[in-house]
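Below: one structure, written as structure tokens.
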Amino acid sequence: MGSDVRVRFAPSPTGHLHIGNVRTALLNWLFAKHSNGTFVLRIEDTDPERSKDEYIGLIYDDLRWMKLDWDEGPDVGGLYGPYRQSERFDIYRRYAKKLLDTGKAYHCYCTPDELDTMRKEALARNESANYPGTCRNLTDEQKAAFEKEGRKPVVRFRVPEGDVKFNDLVKGEIQFDTSNIGDFVIMRQEGIPMYNFAAVVDDHLMKISHVIRGDDHVSNTPRQILMFNALEVPLPQFAHIPMILGPDRQRLSKRHGATSLDEYRDNGYLAETLVNFLSLLSWSSQSGDEILSVERLIEEFDFGRVSKSAAVFNPDKLNWMNGQYIRNTETATLTKLVLPMFQQAGYDISNKERIHQIVTVLQEKVEFLEQMVGHAKIFFQDHISITDPEARAIIHKDSAQKVLWSFLRELRSIGQLDIDIFRDIMKHVQKETGIMGKDLWMPVRVALTGEIHGPELPSVISLLGKEQCEKFVQEIVGDYR
RNA sequence: GGCGCGUUCGUCUAGCGGUUAGGACGCCGGCCUCUCACGCCGGUAGCACGGGUUCGAUUCCCGUACGCGCUACCA
């Protein structure tokens, strides 16, 4: 926190964090770390309709899992709290009054219904759907009349004429003509602030230096700049990062499958993967490298290298990257994550050393941890049933029977079984039967696992142990004699 | 409708006036003498379109098309 850089992540507590939000949080965090600045977590829960308290905990969990730690926030406090907007309503009212007093905002008595019909009529006439300024210059008498009717006013911002220009750190210079912006509501009838207004007040009060958010907010920016100006406070810098899209180029949503962070966590994606992958959506390292540690991301992050266009979320590449991380992660770490999944599947996890070995074998094969459950099935069977037609065909061959009988005899003749001994055994079997290659190995694989695919056989036999192997082979040669 | 933003292989992207347009994922083929996977090697495929500016445009400008966003008493 050695610099004046202060950024904020300001989610609405509506559930688990969405991939897009996580990316916004991540880029804010990366920029804060890169600049030695402060990362503020602010909860935007002004709308009682959609905000739920219990969801705030979910947001903490998601952020913590990603290791995106915040310096100020509702739970840790800070100099500029409270950090929940629902606890700052008096502040917004005070600022609204300030604007009202200086004539930069005014009361509007139009009802939602009236607004709606006005909008429809305007559209029908092919005119702008913006608020036409009906209550812009109400006399005291008119106001009194409305009040007498029992109407409760909203507060509207009086949009001044002119151009609003700003230099976006990602998109460059952007300009708006305010004639395209209608006077907008900053305080609802119930005295609840609108998002645009609360954000401006808070960004100012919390001394936010850089507003980093999705580019769906670009069009909101001129409104906010107008409000900063009306409040006569300095402007933050803006950086609008591109949207994340689904394969159909529509904004990423539930229809596209897993979009909520916890789904990835539950399926055994690693937090490091998500950090790496999400940072690469619309940003790239100058080096061209794609597997980047968080330290490197922090070091190299730069708005100049954030692309301007939206990015389609590519699950295939995420899977590939997660596989990379799984292969490079300590087996013990993976085991800890896999244990509950195995337990859930009903596997016997009492032998931790064995589980560790299984994970060692499987971490070379999977793209996400949940896949280990299926692959591990062969290590927890106490009977082999062969359902795959291809496997049955293999085991039915005469040569297979020869191999298995020979293999069984060898097994019985040895004291214990390990990888080297297994290799010797297979050599003997080959010599004795004259069978080699596929015809030699596949029957053993099928007999031991019931499958035609799986980890390399030496790993399988050492995990199964002599007794299991003997039992399985015996059962098979018995069944198919 | 108005306004804003965007457009390089299927996808993520590099490129910041002169390149055989590079990399990654995916896909295809090959190799690793049991399979799948991993790994390695090779291949496939792209500058939306039309005008300018320039000796020269993927790159700069304008227009068109398409996509997305905003236009709420949601955020």
Side-chain angles (χ1 to χ4, degrees), chain A residues 10-12 14 44-47 49-51 108 110-112 115-116 119 122-131 152-156 168 171-172 174-177 179-182 184-190 192-196 198-199 213-223 240 242-243 245 247 249-251 277 280-291 304-305 307-321 323-324 327 362-367 371 375 390 394 426 436-446 449 451-457:
Chain A
S12 268
T14 54
E44 305 221 330
D45 56 351
T46 53
D47 185 5
E49 300 277 310
R50 46 182 281 177
S51 300
C108 167
C110 300
T111 65
L115 258 14
D116 198 44
R119 196 164 20 239
L123 247 22
R125 275 180 272 122
N126 233 305
E127 285 172 14
S128 161
N130 287 335
Y131 179 69
K152 292 254 187 292
V154 300
V155 179
R156 271 184 198 276
D168 192 277
K171 310 252 182 196
I174 298 177
Q175 197 180 108
F176 288 86
D177 181 342
S179 65
N180 293 308
I181 304 173
F184 52 91
V185 175
I186 58 174
M187 291 292 272
R188 296 154 72 171
Q189 211 171 52
E190 304 84 1
I192 296 174
M194 293 291 286
Y195 146 77
N196 261 323
R213 75 235 295 197
D215 71 9
D216 48 339
H217 288 281
V218 169
S219 302
N220 284 320
T221 307
R223 285 172 243 276
H240 287 99
M243 298 274 89
L245 274 24
R249 302 216 133 255
Q250 297 283 312
R251 207 188 192 139
F277 183 76
L280 247 34
L281 237 41
S282 74
W283 178 85
S284 61
S285 163
Q286 192 159 25
S287 67
D289 294 345
E290 304 212 276
I291 303 291
R305 296 196 61 82
S307 90
K308 300 180 203 309
S309 51
V312 172
F313 184 84
N314 182 351
D316 284 335
K317 187 155 183 174
L318 206 217
N319 284 345
W320 164 79
M321 188 177 284
Q324 298 295 308
R327 253 147 256 134
L362 261 25
Q363 88 181 101
E364 299 302 318
K365 297 181 76 75
V366 301
E367 294 186 309
Q371 288 176 330
H375 287 300
E390 252 185 277
I394 286 166
M426 290 307 282
M436 49 186 174
K438 220 172 177 133
D439 288 334
L440 171 69
W441 294 85
M442 280 311 267
V444 177
R445 171 177 296 287
V446 173
T449 68
E451 307 285 334
I452 55 172
H453 300 311
E456 47 183 34
L457 238 13

Dump every N/O contact between nucleotides 43-49 of chain B and the protein below 3.5 Å, one line per pair.
none

Assign [X] to base, sugar-phosphate, or nothing according to its heavy-atom contacts below 4.0 angstrom with the strands shown.
X: A/Gln324; result: sugar-phosphate
X: A/Ile174; result: sugar-phosphate
X: A/Pro455; result: base

Starting at atom CD of A/Glu456, determine the distance to atom P of B/A37, rounded to an integer number of angstrom.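 These atoms are roughly 14 Å apart.
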Side chain to side chain contact (heavy atoms under 4.5 Å, CB included) partners for [X], two or more places apart:
X: A/Ser307; result: A/Pro242, A/Ser282, A/Ser309
X: A/Met321; result: A/Thr273, A/Asn276, A/Phe277, A/Leu280, A/Ile291, A/Tyr325
X: A/Asp45; result: A/Pro13, A/Ile43, A/Ser51, A/Arg84, A/Gln85, A/Ser86
X: A/Gln175; result: A/Asp163, A/Lys165

Donor-acceptor pair present, A/Arg445 side chain and B/C34 base, under 3.5 Å: yes
Tell me, please, which residues at least two apart from [X] pass salt bridge (Lys or Arg N to Asp or Glu O under 4.0 Å).
X: A/Arg119; value: A/Asp116
X: A/Asp289; value: A/Arg296
X: A/Glu290; value: A/Lys317

Does B/G18 pair with anything, Watson-Crick or G-U wobble, both distances under 3.5 Å, and if so, with which nucleotide? B/C55
Could you tell me the Watson-Crick or G-U partner of B/C68, where both distances fall under 3.5 Å? Say none if there is no partner. B/G4
N-O pairing of A/Asp168 and A/Lys308 below 4.0 Å: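 Not counted as a salt bridge, because no side-chain N and carboxylate O are separated by less than 4.0 Å.
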Sugar-phosphate or base contact per nucleotide [nucleotides 70-75 of chain B; S, B, -; heavy atom under 4.0 Å]: SSSBBB
Of all residues at least two apart in sequence or in a different chain, which pass the side-chain hydrogen bond (donor to acceptor under 3.5 Å, both in side chains) check with A/Thr221?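 By the side-chain hydrogen bond (donor to acceptor under 3.5 Å, both in side chains) rule, A/Thr221 matches A/Arg213, A/His240.
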Please list, for nucleotides 28-31 of chain B, all pairs of protein and nucleotide N/O atoms separated by less than 3.5 Å.
none

If you restrict it to nitrogen or oxygen atoms, what contacts under 3.5 Å exist between nucleotides 12-14 of chain B and the protein, and what is each distance?
{"from": "B/C12", "atom 1": "OP1", "to": "A/Arg249", "atom 2": "NH2", "distance (Å)": "3.4"}
{"from": "B/C12", "atom 1": "OP1", "to": "A/Val312", "atom 2": "N", "distance (Å)": "2.9"}
{"from": "B/C12", "atom 1": "O2'", "to": "A/Leu280", "atom 2": "O", "distance (Å)": "3.3"}
{"from": "B/U13", "atom 1": "OP1", "to": "A/Ser282", "atom 2": "N", "distance (Å)": "2.5"}

